[in-house]
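Atoms considered below: every heavy atom in the structure, side chains included; atoms not considered: hydrogens, waters and symmetry mates. Just so you know, ligand 1 is whichever comes first in the structure, and atom 1 is the first atom listed for that ligand.
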Amino acid sequence: MDVEREWWKEATVYQIYPRSFRDSDGDGVGDIPGITEKADYLDELGVDVVWLNPVYESPNADNGYDISDYRSIMDEFGTMDDWERLLAALHDRDIRLIMDLVVNHTSDEHEWFRKSRESKDSDYRDYYIWREGEDGGPPNNWEGAFGGSAWTYDERTGEYYLHLFDEKQPDLNWDNPEVRQRVYDMMEWWLEKGIDGFRMDVIDLVSKAEGLPDGDPDSGWVGNEHFMGGPHVHDYIREMYEEVLQGRDVMTVGEMPGATVDEAKQYLGPDGDGLNMIFHFEHVTLDYGEDGSRWTMGEWSLPEFKRVFTKWQTELEGEGWNSAYLGNHDWPRMVSRFGDDGVYRIESAKMLATMLFTLRGTTYVYQGDEIGMTNYPFESVEEVRDVSARNFVERKRSEGYDFDDVKDVVRHRSRDNARTPMQWSDEQYAGFTDGEPWIPVNPDHETVNVDEAMANEESIWHYYRNLIDLRHENDVLVYGEYDLLLEEDPDVYAYLRTLDDERALVVLNFTESTPTFTLPMDVTYDEAELMVGNYAVAGHDPRSFELRPYEARVYRLT
Ligand code: TEU
């Protein structure tokens, strides 16, 4: 085997969005004791790592991605003691815990920003990015990810501050070594508490181009070429590694909206910046419209999708480790987006899972995907919570459109789709809370819920459990080389995984039609055995067969 073994390569990571996982005290908001209550659930499913979305003190302009104190827990979620109990409960079950590190920006209510905005000669002024306006407007044309200018004017000192996200999320000035040191100290503090790593929020945005030049106005997120993968990003990540991470047995995954595969080699490679994995955005933006925005509908095609995955699978070979994900708290539900959330919900959810567990990379499961949760059928603006979606609806309203005009795109694209409460049962509020939930529960919880799924051996849940075991038991699924088959096939995604003399053949039908799969002649074997599949299969011959809607099969070839 040419690849080094690591626990985090073999791991299944389960992502928890605490606000929507389980509410233990009836205030309608998920919390940390609620997660601890479900530790046995996670153990039974068999996951190895939990990634917890931000739980730090926050005014919640962006659900915890606007942090006002990195070293305390948000009141709504509980106390530091609750968090310590959660960590212990997970560790007792051999589940590791990684925390979200959100350091491109803080909340405007963070002490550093409050001091920074006080006066131009505050000791904290240079912790953030302040500039004078130009011609009565902001310093440049950069936009925030949630719409509008990336600059907000602050009357007190008559200057603008930069925020690549909401105005309540001012960007830290990473060119200031003191800021970086404060971040490293904070990371150290959490590591000393015994956590097992970090998911690093938009970490490729921390370095901004010198002089903050205007961006190309037609390039999607205006300004991105000046802040995605900026001039010092590698220096800073490398420094973070050397100062904090080096020599510790932890895992890191950097969220990188702008990363190309070549940049990834630098972040991950043997002589690179020291990260273990990144989340790139290439496959989750395939269906963006022509203006490069999530709010215009485009189409994705399977050949294109395969090209993206194949590029990352093959080019990172020997140069870095992949992460396999199809959704998280920022994207629509994966079954609604890449599968079918109607007639073939169960089949397609299992098919997509088969892919996630058989690609070369660490598998990431977003809460609820293990029971095939779907997008939410939005009917009114009152149901929309997410700042990004609300801003979009508001912009459209100012252009004269009402909610019905944008309902479709909200249904397909709002981040809220992934944030509706976890569906534990068919009871009122899906067993998420005894109170009134902060965001509506998906009405399909009457049939789509954990109770039902755990009781039914044929469920998506049991299929996930099986895949988790299968990956633990078969190195070929973790470490095997990847080779694409049938490159141009518009319906079927098929690939081989090879490790020494072990081979696995993966065949996935991405459609509701019944294409025929024919194994290329040059793939020879003596025996074939079905390892897993989402339909009953008679016999063990993968030479040529008709696939049923959204069918997935994995064969062991010897
Ligand atoms: O997301 C980064 C990001 O760029 C997008 O996924 C973002 O949601 C999208 O561009 C909006 O249209 C991360 C977090 O995962 C997200 O929840 C936060 O809102 C964001 O950073 C800011 O911290």
Side-chain angles (χ1 to χ4, degrees), residues 13 15-20 51-56 58-68 70 98-108 110 142-148 150 162-172 183 198-206 219-224 227-230 253-259 278-289 291-298 323 325-332 334 337 364 366-367 384-395 409-410 412-419 439:
V13 181
Q15 183 192 346
I16 293 184
Y17 195 69
R19 179 163 292 270
S20 303
W51 151 29
L52 202 55
N53 282 107
V55 293
Y56 317 97
S58 164
N60 285 309
D62 186 20
N63 288 357
Y65 281 95
D66 48 322
I67 298 170
S68 52
Y70 288 108
I98 69 168
M99 297 287 279
D100 221 305
L101 180 76
V102 188
V103 290
N104 174 69
H105 42 267
T106 68
S107 163
D108 64 339
H110 193 288
W142 296 5
E143 286 176 352
F146 305 145
L162 180 72
H163 52 87
L164 294 181
F165 293 88
D166 188 65
E167 65 178 288
K168 285 186 67 64
Q169 293 168 295
D171 280 50
L172 283 165
V183 169
F198 292 106
R199 173 269 187 188
M200 302 172 175
D201 193 56
V202 291
I203 201 69
D204 67 332
L205 306 191
V206 295
S219 67
W221 188 356
V222 177
N224 74 82
F227 54 71
M228 284 178 169
V253 49
E255 188 211 25
M256 303 208 178
I278 70 164
F279 292 129
H280 72 79
F281 277 43
E282 273 195 63
H283 58 297
V284 285
T285 51
L286 277 177
D287 57 3
Y288 273 23
D291 62 350
S293 135
R294 81 160 54 208
W295 301 113
T296 38
M297 300 291 287
S323 56
Y325 81 101
L326 285 172
N328 57 41
H329 65 293
D330 289 334
W331 302 105
M334 79 175 192
R337 191 176 194 193
Y364 289 81
Y366 181 63
Q367 72 182 39
V384 179
R385 296 283 176 280
D386 173 38
V387 53
S388 155
R390 291 192 82 90
N391 289 358
F392 165 70
V393 173
E394 210 36 63
R395 268 198 312 281
V409 73
V410 169
H412 281 100
R413 294 295 165 80
S414 174
R415 303 195 297 181
D416 289 319
N417 282 305
R419 301 175 180 186
I439 185 171

Check: Less than 4.0 Å between a side-chain N and a carboxylate O, is that true for Asp416 and Arg390?
Finding: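 No, no charged N to carboxylate O under 4.0 Å.
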Note to self: Taking the basic N atoms (NZ, or NE/NH1/NH2) and the acidic carboxylate oxygens, is any pair closer than 4.0 Å for Asp330 and Arg413?
What the structure shows: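 Salt bridge flag = no for Arg413 with Asp330.
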Can you list the ligand 1 atoms lying under 4.0 Å from a non-hydrogen atom of [X]?
X	value
Val202	2 (C), 21 (O)
Phe146	11 (C), 19 (O)
Glu255	1 (O), 2 (C), 13 (C), 15 (O)
His105	22 (C), 23 (O)
His329	14 (C), 15 (O), 16 (C), 17 (O)
Pro257	4 (O)

Margin query: Polar contacts were defined as any N/O atom of the residue lying under 3.5 Å from an N/O atom of the ligand; does this apply to Asp330 and ligand 1?
Written below: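 Yes; the residue has a nitrogen or oxygen that sits under 3.5 Å from a nitrogen or oxygen of the ligand.
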Check: What about Tyr288: any of its N or O atoms under 3.5 Å from an N or O on ligand 1?
Finding: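 No.
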Which protein heavy atom lies closest to [atom], and at what distance to 0.1 Å?
atom	value
atom 20 (C) of ligand 1	Phe165 CE2, 3.7 Å
atom 10 (O) of ligand 1	Ala145 CB, 4.2 Å
atom 8 (O) of ligand 1	Arg415 NH1, 2.7 Å
atom 13 (C) of ligand 1	Asp201 OD1, 2.9 Å
atom 19 (O) of ligand 1	Asp62 OD2, 2.5 Å

Notebook entry, point to check: What heavy-atom pair brings Ser219 and Asn224 nearest, and what distance separates the two atoms?
Noted result: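 Taking every non-hydrogen atom into account, O-ND2, 3.0 Å.
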Next item on the list: Look at the rings of His110 and Tyr70 and say which category their plane angle falls in: under 30° parallel, 30 to 60° tilted, over 60° perpendicular.
Entry: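 Rings of His110 and Tyr70: tilted, as their planes differ by 30° to 60°.
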Notebook entry, point to check: How are the rings of Tyr325 and His283 set to each other: parallel, tilted or perpendicular (split at 30° and 60°)?
Noted result: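 Rings of Tyr325 and His283: perpendicular, as their planes differ by over 60°.
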Notebook entry, point to check: Is there a donor-acceptor contact under 3.5 Å from the side chain of Asn417 to the main chain of Ser414?
Noted result: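 Yes, the answer is positive, given that a donor and an acceptor are paired below the 3.5 Å cut-off.
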Item checked: Best match, Arg294, Gln169, Arg419: closest heavy atom to atom 9 (C) of ligand 1 ->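 Of the listed residues, Arg294 has the closest heavy atom.
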Check: Applying the side-chain hydrogen bond (donor to acceptor under 3.5 Å, both in side chains) test to His329, which of Gln15, Arg19, Gln367 qualifies?
Finding: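 Output: one option passes, namely Gln15.
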Notebook entry, point to check: What do you reckon, are the aromatic ring centroids of Phe279 and Trp51 less than 6.0 Å apart?
Noted result: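 Yes; Trp51 has its ring centre under 6.0 Å from that of Phe279.
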Next item on the list: Could you check Arg337 against Leu326 for side chain to side chain contact (heavy atoms under 4.5 Å, CB included), going step by step and ending with a plain yes or no?
Entry: CA-CA 9 Å; Arg337 191 176 194 193; Leu326 285 172; over 6 Å; no
Notebook entry, point to check: Under 4.0 Å from ligand 1, counting heavy atoms only, is it the side chain of Arg199, its backbone, both or neither?
Noted result: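 The part of Arg199 near ligand 1 is the side chain, not the backbone.
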Item checked: Residues Met256, Phe281; criterion side chain to side chain contact (heavy atoms under 4.5 Å, CB included); working and verdict -> CA-CA 7 Å; Met256 303 208 178; Phe281 277 43; over 6 Å; no
